[in-house]
J.: 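This structure is in structure tokens; I'll ask about it shortly.
The basis for the numbers below is simple: all heavy atoms, side chains too, and nothing from hydrogens, waters or symmetry mates. Lettering of chains follows the sequences in order, A, B, ..., and the numbering in each one begins at 1. Remember, it's a predicted structure, so these values are computed and weren't measured experimentally.
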Protein chains: 2
Amino acid sequence: MAGARVVKKQSLPEMIASDLRERILSGELAEGEAIRQELLAEEYDVSRMPVREALKRLNAEGLVLWENNRGGSVVKHSLPEIGEIFDLRLLIELDLFRRSIPQMGEADFATCERILTEMENSDDISQWGKLNYSYHMALYAAADRRMSNEFLERLSLHSDRYVRIHLSVMKQREPAKEEHRQLLALARNGEVAAGTALLEQHILRTKTELLEMIAAQRKTPSR
Amino acid sequence: MAGARVVKKQSLPEMIASDLRERILSGELAEGEAIRQELLAEEYDVSRMPVREALKRLNAEGLVLWENNRGGSVVKHSLPEIGEIFDLRLLIELDLFRRSIPQMGEADFATCERILTEMENSDDISQWGKLNYSYHMALYAAADRRMSNEFLERLSLHSDRYVRIHLSVMKQREPAKEEHRQLLALARNGEVAAGTALLEQHILRTKTELLEMIAAQRKTPSR
DNA sequence: TGCAAGTGTATTGTATCCAATATCCTGAAA
DNA sequence: TTTCAGGATATTGGATACAATACACTTGCA
């Protein structure tokens, strides 16, 4: 047979949405920035129709604000809202980790290991968010909770967005690396209580650091 | 001034999406049923374009399954997925209620009372889901958690869908009526622990009943 | 009969065109 | 100077037309 590897055929709107998502997460499209359909259509060399669908999609995901007859703009969250995103992640991830640990097998541990080394070797910031998300998902894969994962994906999208913008300045990475290793070790030993406690600390620490950074940056509208 | 009451101008796709949402929740559009754009366009007397957008929107909300070049169909969830919907509701609603109770004031209690009496007097099946959702939201309004509410809205959508299709309103309403009153009373007294415990029971009871009904019905695919 | 290729039809996907709406600019009146 | 009306321009919303794809059906062949 010709093609052994099959990549799920993406539709045009999907591909455009993926790219725009990345452009928003990376900060290339800034908070509050207006989005012109025509302009994007030219950039992607398509008509406005698939661009429109992509934007509506991102609107449903909460990344794009849509106003009737005025078009879209990049969503800007308030500080409390960003805090909430992390609180919700906390709720769902703790639940997932608690359910996952007892179900994890050698294959799961191996996958986690693999992603972990990949993270430690990669310096590409734009990859970090994806890898971080993959790792967390790998930890929860054994729980086999489709809906939770779907919701978590959306939450991670938003938290990654703000983490990535400030990541370069954040000390974030060193402690996170250590915590990731420990999470896996605790999961391996089936230590649910200790594992979830560490996970909680892991997420809340990021939340605190991030909120401080953003608060400071929003005080000084310079730059 | 002319119009004191302003209803947020809805766009065509929004209106169509709302109506389709209702048709799916009510079961008029059945699980797995294919959706023809042209047909809907004729029904609403518009072109396929706004219908498409509405369907894509419902796709993003998880009510419509979309397959490239094959169009949309009404999503059908597995039993474990339906269970998860309730588990997620539980996580978020407990968190909201816990945060809300200490913040609630007389205005909040009054709103809850109002909705409660409205619920007890209304016999309209299609309204019950909305009222039930309104009541829960009123309980959590004081928490002032925008993101959580947004996520909860989507979860409630899905749970309402299955509740409406499978549980007779009457059977559902009698115990719920009592619990709803008690929730409000506990909130009034600031009894966080007792309140959240009752809320947990309230949600889990519905989950159990519902899963049993659906399991039984899916065993016998008879109509 | 069973199956594969090919043809025709139904349906979705995208581009283009026109209509509706918002925004910007100008100028006149208070 | 401020403000408001009105018109020019930019932008989005929706309808239509056409292209691409999937599906059902037939035909030809083993």
J.: Would you tell me whether A:E209 and A:T206 have side-chain atoms, one donor and one acceptor, within less than 3.5 Å of each other?
T.: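 No, because no side-chain N or O of A:E209 sits under 3.5 Å from a partner of the opposite role on A:T206.
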
J.: Yes or no on salt bridge (Lys or Arg N to Asp or Glu O under 4.0 Å) for B:R218 and B:E31, after CA distance, side-chain angles and deciding distance?
T.: CA-CA 12 Å; B:R218 289 194 180 174; B:E31 292 178 329; 3.3 Å; yes

J.: When rounded to the nearest 0.5 angstrom, what distance separates CD1 in B:I115 from OH in B:Y133?
T.: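 Spacing of CD1 (B:I115) from OH (B:Y133) equals 11.0 Å.
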
J.: Kindly point out which of D:dT12, D:dG14, C:dT16 is positioned nearest to the side chain of B:S47?
T.: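 The answer is D:dG14.
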
J.: Please check if the side chain of B:D108 supplies one atom and the backbone of B:G105 the other of a donor-acceptor pair under 3.5 Å.
T.: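 Checked: pair present.
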
J.: I need the OH-P distance between A:Y44 and C:dA15, as an integer number of Å.
T.: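 To the nearest whole Å, that distance equals 14 Å.
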
J.: List, with names and distances, any nitrogen or oxygen atoms from the protein found under 3.5 Å away from nitrogen or oxygen atoms belonging to nucleotides 20-22 of chain D.
T.:
unit_1: D:dT21; atom_1: O3'; unit_2: B:N69; atom_2: ND2; d: 3.4

J.: Can you check whether A:S11's main-chain N or O pairs, donor with acceptor, with A:E14's side chain at less than 3.5 Å?
T.: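 Confirmed, A:E14 side chain pairs with A:S11 backbone.
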
J.: Mind listing the residues from residues 48-66 of chain A sitting with a heavy atom below 4.0 Å of DNA chain D? Number order is fine.
T.: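 DNA chain D contact set from residues 48-66 of chain A: A:R48, A:M49, A:R52, A:W66.
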
J.: Looking only at atom types and distance, does a side-chain atom of B:S159 sit under 3.5 Å from a main-chain N or O of B:S156, one as donor and one as acceptor?
T.: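 Indeed, once roles are kept as given, a pair shorter than 3.5 Å links the two residues.
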
J.: Please examine the side chains of A:R57 and A:L20, heavy atoms only from C-beta on, and report whether any two atoms are closer than 4.5 Å.
T.: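 No - every pair of side-chain heavy atoms lies 4.5 Å or more apart.
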
J.: Both A:G72 and B:V46 contact DNA chain D. Taking the nearest nucleotide for each, which residue is further toward the 5' end?
T.: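 Closest to the 5' end, via its nearest nucleotide, is A:G72.
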
J.: Check the phosphate of C:dG13 against B:Q37, side-chain N and O only, distance under 4.0 Å to OP1 or OP2. Yes or no?
T.: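 Answer is yes, contact under 4.0 Å.
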
